[in-house]
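To keep things clear, I will list the structure first and then write my remarks on it.
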Amino acid sequence: MRFDEVDLHDDILDALWDMNFEEMTPVQEATIPVILEGRDVIGCAQTGTGKTAAYTLPLLNRILEEGNPENKVLSVIIVPTRELAQQIDQQFQGFSYYAPISTTVVYGGGDGKGWDVQKRGMLMGADVVIATPGRMIAHLQNSGVDLSHVKYLILDEADRMLDMGFFDDIMKIVGTMPKERQTLLFSATLPPKIRQLAKQILRDPAEINIAISKPNEAIDQSIYVCYENQKMGIIRHLFEGKELTQKTIIFSSSKQKVKELAYALKRMKFRAAAMHSDLEQSQREEVMLDFKNGKIDLLVATDVVARGIDIQDIGTVINYDVPHDPEDYIHRIGRTARASATGRAITFVSETEQGKFHRIEEFIEREIPQNPMPEELGEGPEYKPENDRGGRGRGRGRGGRSKSENRGEGNRGSKDRRRKRGRGKRSATEAGEPSQAAVPAEAPPTTEAQGGEAKSGEGKKRRRHRGGRRHRKTEGAPASAPEKQE
């Protein structure tokens, strides 16, 4: 389905046209019409499917149709991390380039100036407030922010917020809003705690499920079964003496390991940087900008960037440590193979992590092939997750064969393995300056947040802006966005 086949405002369609977005992704096609009808929605979709545009576009449409004559906060989007909040704000800037929509981003980690900007933005009545739970609670308690006129509430990455212990904060925020509102809840998974939250804050929601909790099939997944002291050697084998042509993220669960890995990679003359919670917010933003712009090839990170970061051309994701939860594995490797691209995900599995990884295999219902160990590193352990107490006794060895026997096959596993199925009149930012909408023609191509399949528009025709106020090309390549109209 094309975006101009649903009843979206012409200002939105103009921006989408300039950004070369025409075709919807499945989650957008299933969700946008339902939201435009005014129903509550609980949406479940894996990362990289375009779910951010699935709720931002109809939200923009409702605000444009109804206006905000009293300058009140009309809509609130609650997200788990500042990075995701910033990303969503960037998408609003693009989608609402031709529309008088104001956004305020509310998150912690800044100075007093950032707090004042956030407070002023909400007190002036931003159309859209994008906030992390803790910071919003602080403003509700200290800034006199009024959410009693909110018409739209969106919870994004709801499962992650509950994992981070934000259930009570979310309920406090919801308690300050009118009950008569439209609520949208998006989550990558739907465990019982999400169902419980949805039951308390949603009214007769439409449930939309798109490829629940399954990694993108375009991701080439593999593992190295190794000893802990062999992991750095594998990193050297993968990167030393090789020219990097695509961005790579290396995930570790430990801040100390992230620092050590980034230092080692720099000594190997790679353009590498670390991303972890010890960095100041300005430092984190600088690292992410450098990575996005290609000044950094290797980003070594904790799970702070596993969700909600939308960066193009990530070709490889490496799990230096096995993540604690299967959902975290899905979100880590979901940083690659986005927007119809391909990518690879490599996981290092030590002898003490085999049980955890076996549970991941059971969760995604597939056996991940094993790479042969580099000869210079010697033999690795056999894959016997039943010997790891974290495996809960459910694991099985890979046919009981030695590593050398498995090496020649390029995969692991005995044949009889069983499997358990289961945009902008104002936009306040921490920097204290009103942010202007990004020119849609320069916006990045299709991403998980923006969604939609990027097309050239050649030979296509679309409806013109209502009233002919703005001349637009109807054939050939999309027109560049004009200067911002006052």
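Residues Q256 and E260 bring a donor and an acceptor atom of their side chains to less than 3.5 Å of each other. N68 and E70 share no side-chain donor-acceptor pair at under 3.5 Å. Side chains of Y55 and D156: a donor on one and an acceptor on the other come within 3.5 Å. Y97 and D14 form no side-chain donor-acceptor contact under 3.5 Å, judged by distance and modelled atom types alone. No side-chain N or O of S75 forms a donor-acceptor pair with one of Q182 less than 3.5 Å apart. There is a side-chain donor-acceptor pair under 3.5 Å between Q118 and H139. Side-chain contact annotation: R344 with Q221, donor-acceptor N/O pair under 3.5 Å absent.
The main-chain N or O of D204 is found under 3.5 Å from a side-chain atom of R39 such that the two form a donor-acceptor pair. Using a distance-only test at 3.5 Å, with no hydrogens or angles considered, a donor-acceptor pair links the side chain of R271 to the main chain of G294. Checked by atom type and distance alone, the side chain of N61 never pairs as donor or acceptor with a backbone atom of L57 at under 3.5 Å. In this structure, N209 contributes its side chain and C44 its backbone to no donor-acceptor pair below 3.5 Å. Side chain of R181 to backbone of P178: a donor-acceptor contact under 3.5 angstrom is found.
The pair D328-R160 meets the salt-bridge criterion, since a charged nitrogen lies less than 4.0 angstrom from a carboxylate oxygen.
For the side-chain hydrogen bond (donor to acceptor under 3.5 Å, both in side chains) with T103, the qualifying choice from Q90, Q93, Q91 is Q93, the only one to do so.
By the 4.5 Å heavy-atom criterion applied to side chains, V300 and Y320 are not counted as neighbours. Inter-residue side-chain proximity for L13 and F21 is flagged as unmet; no heavy-atom pair is nearer than 4.5 Å. Under the 4.5 Å side-chain criterion, counting only non-hydrogen atoms from C-beta, V79 is not in contact with Y107. Counting heavy atoms from C-beta on, the side chains of V128 and T104 never come closer than 4.5 Å. Residues I250 and L261 are in side-chain contact: their nearest non-hydrogen atoms beyond the backbone lie under 4.5 Å apart.
Between atom CG of residue D11 and atom CD1 of residue I101 there is a gap of 9.0 Å, rounded to the nearest 0.5 Å. To the nearest 0.5 angstrom, F166 atom CZ is 12.5 Å from L155 atom CG. Annotation: the span from Q28 atom CD to T56 atom OG1 amounts to 8.5 Å, rounded to 0.5 Å.
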